[in-house]
Number of protein chains: 2
Amino acid sequence: MRAEVENLSSSEDIVQLADMFRLMGDASRLSIILVCLKGPTSVGDIAQRLGLSASLVSHHLRLLRAARVLRAERRGKQMFYCAADDHIECVIGDMVAHIGEPTEETD
Amino acid sequence: MRAEVENLSSSEDIVQLADMFRLMGDASRLSIILVCLKGPTSVGDIAQRLGLSASLVSHHLRLLRAARVLRAERRGKQMFYCAADDHIECVIGDMVAHIGEPTEETD
DNA sequence: ACAACATATGAACATCTATTCATATGTTGT
DNA sequence: ACAACATATGAATAGATGTTCATATGTTGT
């Protein structure tokens, strides 16, 4: 087992980790993250592409920014959001791989 | 961007992915997963180690098994649970790395 | 068959959370 | 300063979810 995972014992660490997963565990937020992975995108663009209200997107963006999943940058009157680092993409990629894993028969 | 992540477009895929993250986004469930990553563990053991009721652990295990995060194996009257594949550990490892990432000053 | 143990399940409840609506803040051009 | 636009924020609400309690199912030994 990877050392980083092995050494997870304190309940604070686990809560923090769970908070991150819960943040990605909503289809609207996850969609927002996926859009932002493609490149810096304005709030209005995100809302339009996903068919969500600008208000809802803004609420979600606040959480994602607070958790440093995304970071914001102002350009004129618009705000552009993009991925804060590339671990998020790894996390998603691994999870996609898990879902694609063939089912075991021993159930 | 990784091809697996790039090609995520259908909303069904995104919902399925979000469901996986939401499943890991609870401290109790995440703790259960972490225990099971160390090796096959019985329901009673999990409950005792984490200080949770056997009933609650069983409820969570049903969800985790349904999502093929964990798989079950009977030994006598006990049920032992362990990780279904090793993608889950990767996902957690990447997320730990994200959390450990130094904060940007541009906020 | 019965008792003892381990796990699973269903209903009920309190708490959390995503979404909407209304409103505020901030920015650019005239 | 004002209007027009973009984003952010706060309150309210309907629906989801984690936990508990009681009970059922399944397994092993006598």
Can you find a side chain N or O atom of S42(B) that sits less than 4.0 Å from OP1 or OP2 on dA6(C)? no
Counting just side-chain N and O atoms, does H60(A) come under 4.0 Å of either OP1 or OP2 of dT19(C)? yes
Please report the distance, rounded to the nearest Å, between [atom1] in [X] and [atom2] in [N].
X: L63(A); N: dT19(C); atom1: CG; atom2: P; answer: 11 Å
X: D26(A); N: dT19(C); atom1: CG; atom2: C1'; answer: 10 Å
X: R29(B); N: dT17(D); atom1: CZ; atom2: P; answer: 9 Å
X: R22(A); N: dT15(C); atom1: CZ; atom2: C1'; answer: 12 Å
X: R62(B); N: dT19(D); atom1: CZ; atom2: P; answer: 14 Å
X: L64(A); N: dT17(C); atom1: CG; atom2: P; answer: 14 Å
X: Y81(A); N: dA6(D); atom1: OH; atom2: P; answer: 15 Å
X: Q78(B); N: dA4(C); atom1: CD; atom2: P; answer: 19 Å

Considering residues, nucleotides and ligands other than Q48(A), do more than 12 of their heavy atoms fall under 6.0 Å from its CD? no
When both distances are under 3.5 Å in a Watson-Crick or G-U wobble arrangement, the nucleotide paired with dG26(C) is dC5(D)
Both distances below 3.5 Å, Watson-Crick or wobble geometry, any strand: find the nucleotide opposite dT15(C). dA16(D)
Taking the side chain of V43(B) as heavy atoms from C-beta outward, which of dT9(D), dT20(D), dA8(C) is closest to it? dA8(C)
Quick check for you: to the nearest 0.5 Å, what is the distance between [X] atom [atom1] and [Y] atom [atom2]?
X: R22(A); Y: L17(A); atom1: CZ; atom2: CG; answer: 11.5 Å
X: H60(B); Y: L70(B); atom1: NE2; atom2: CG; answer: 12.0 Å
X: L56(A); Y: I46(A); atom1: CG; atom2: CD1; answer: 11.5 Å

Exam field: side chain S31(A) to backbone A27(A), donor-acceptor pair closer than 3.5 Å: yes
I'd like to know if the side chain of R74(A) and the backbone of G76(A) have a donor-acceptor N/O pair within less than 3.5 Å. yes
Contact state string [nucleotides 21-28 of chain D, B base, S sugar-phosphate only, - no protein heavy atom under 4.0 Å]: BB----BS
Specify whether H87(A) and H98(B) have parallel, tilted or perpendicular ring planes, treating 30° as the upper limit for parallel and 60° as the lower limit for perpendicular. perpendicular
